[in-house]
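A short write-up of the structure that comes next.
No hydrogens, no waters, no symmetry mates; every other heavy atom, side chains included, goes into these values. Lettering follows sequence order; numbering is per chain, from 1.
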Protein chains: 2
Amino acid sequence: MPEQPPAGRADRLPLNRDRVVQAALQLVHDGGLPALSMRRLGAELDVEAMALYRHVNGREDLLEAMVSHLTSRLERSADAQLGPDIGWQGYLQWLAHSVRDVAFEHPQVFPLVATRHPAAPWLRPPLRSLEVVEEFLVALTSRGFTDDQAVSAYRAFTSFLVGHLLLDVAQMGASTTEETIDEGGASAPNTTVTLVEFPNVERLADKLSEDRSQEEFESALEDLLDRIDRVVSQ
Amino acid sequence: MPEQPPAGRADRLPLNRDRVVQAALQLVHDGGLPALSMRRLGAELDVEAMALYRHVNGREDLLEAMVSHLTSRLERSADAQLGPDIGWQGYLQWLAHSVRDVAFEHPQVFPLVATRHPAAPWLRPPLRSLEVVEEFLVALTSRGFTDDQAVSAYRAFTSFLVGHLLLDVAQMGASTTEETIDEGGASAPNTTVTLVEFPNVERLADKLSEDRSQEEFESALEDLLDRIDRVVSQ
DNA sequence: ACCTGAACACCGTTCAAGT
DNA sequence: ACCTGAACACCGTTCAAGT
């Protein structure tokens with residue numbers, strides 16, 4: 001047998017920025033943000049952590065790159081998929097559902113998209129990409145919105161997305177990480193508090209635990225579009 | 001001169017949970033979340049980091065305690081301040097503005113309130129307190145809401161708060177932490193990207209940078225209340 | 001009872017050195 | 001050109017030991 005290279009993971013492909021970002025996304029997808037460290041990421045790629053600094057400008061840059069990777073799916077696909085003959089409502093419906101799909105595919109990563117410090121006031125989460133914002137503004141102004149109307153629609157739309165999607169994905173994470181009952185010692189005044197002091201929460205606990213995120217998203221989105229419509233066609 | 005105790009900070013008050021939490025809030029208020037470490041917090045209190053573990057059950061417990069400290073302001077003050085003769089719209093207006101006040105007083109801490117994993121599905125951020133949720137449900141059901149209506153109002157209301165306040169406080173932080181121009185080396189494909197490729201963003205940059213958070217909050221809140229009203233008095 | 005010292009197992013990041 | 005070793009300055013957390 002001729003000796004082969006150690007063949008750690010995937011035969012030692014050449015490292016590059018995209019592979020690094022991809023591996024980081026996978027790591028967070030599987031283990032949540034705490035699972036992402038430069039050293040662990042290096043190990044995942046069969047490389048010392050220090051080698052990553054050649055492809056990524058430190059941890060912050062890596063996180064930003066992960067966010068960009070996810071939001072890039074939202075870029076320039078609107079006209080390609082929809083054509084210019086669709087109304088602004090159709091466009092906003094498409095964009096809202098695209099963002100929702102991204103959020104639900106990477107529930108562990110989405111909080112990053114939604115909560116990392118925006119680089120500029122015209123990059124409101126979760127639409128953290130100049131390409132996407134440009135497309136948004138073109139889509140609306142080319143369909144009869146004034147500048148002011150487009151800007152305030154942008155603000156309302158982004159707030160809507162953050163408010164609904166962040167809570168939805170947080171709930172998903174909770175259902176996988178629960179099982180925190182029976183806290184060993186009886187020392188701390190802890191979470192295993194009885195609900196009897198809160199009779200209304202107790203009575204409604206089941207209803208409050210139901211997952212209505214889909215219906216709520218749709219109906220809140222329709223109301224938002226109505227609200228925008230009322231302003232635009234006043 | 002008789003020898004005195006070293007008299008570090010504030011004459012060595014006895015340490016307790018509340019002082020620890022208070023100091024942690026101050027630390028984050030001033031330096032953001034990255035400034036909070038057990039060791040730094042210990043130093044701030046003139047104590048070794050390990051002493052904190054007597055009053056706080058580790059870092060996670062500390063963060064949760066900080067959140068509780070902020071949300072406790074929302075508890076049981078409604079009836080005290082408003083009386084039971086106010087309508088549900090008045091109550092929701094009061095609660096929304098109370099949460100907004102908390103968020104703006106601690107813009108660095110609020111993201112914690114809004115994004116930390118909720119302990120249960122009936123504790124949706126930013127209303128992370130059983131007391132507050134109980135009061136919310138009582139306030140609405142005692143004013144004619146059915147159980148289902150109260151629950152769906154709870155969901156819509158919390159989503160609204162997260163969506164609006166999180167982006168508002170993020171914007172505040174951005175304005176204090178900007179000045180990231182003129183990135184030293186020309187190595188990375190970086191943020192100093194010219195806006196000329198995005199003519200609409202460029203043209204609307206000023207409008208997009210205006211701070212309309214107050215007006216938007218008020219008008220979006222009124223629309224939300226109208227929306228709820230339509231369902232309740234159908 | 002309350003705090004400290006020392007130790008352990010981790011971090012991110014740098015820089016000269018290897019190949 | 002690309003990666004590694006060693007080092008630095010930090011982390012959170014434990015536990016026996018001090019007073």
In B/S/- notation (B base, S sugar-phosphate only, - none; protein heavy atoms under 4.0 Å), nucleotides 6-19 of chain D written 5' to 3' is BB---BBBB-----

Will you find, in the side chains of A:Q171 and A:S213, an N or O donor that is under 3.5 Å from an N or O acceptor? no

Watson-Crick and G-U pairing of DNA chain C, under 3.5 Å, as dot-bracket with | and [ ]: ||.|||||...|||||.||

Less than 4.5 Å apart, any side-chain heavy atom of A:L123 and any of A:L130? yes

Verify the contact: side-chain N or O of B:H55 to OP1 or OP2 of C:dC2, cut-off strictly under 4.0 Å; return yes or no. no

For residues 115-125 of chain A, which residue pairs pass the salt bridge (Lys or Arg N to Asp or Glu O under 4.0 Å) check, not counting sequence neighbours? A:E60-A:R116, A:E64-A:R116

Close side-chain approach of A:F217 to A:H97, heavy-atom, < 4.5 Å: yes

Strictly by modelled atom types, are A:R203 and A:N200 linked by a side-chain donor-acceptor pair under 3.5 Å? yes

Distance check needed: C:dC2 C1' versus B:R19 CZ, whole Å only. 14 Å

Once side chain to side chain donor-acceptor pair (under 3.5 Å) is applied, do any residues pair with A:R73, and if so which ones, sequence neighbours excluded? A:E105

Does anything in residues 13-36 of chain B form a ring pair (Phe, Tyr, Trp, His ring centres under 6.0 Å)? List the pairs, not counting sequence neighbours. B:H29-B:H106

If the condition is ring-ring contact (aromatic ring centres under 6.0 Å, His included), which residues does A:F157 pass it with, not counting sequence neighbours? A:F136

Rounded to whole Å, please give me the gap between CG in B:L15 and C1' in C:dC3. 10 Å

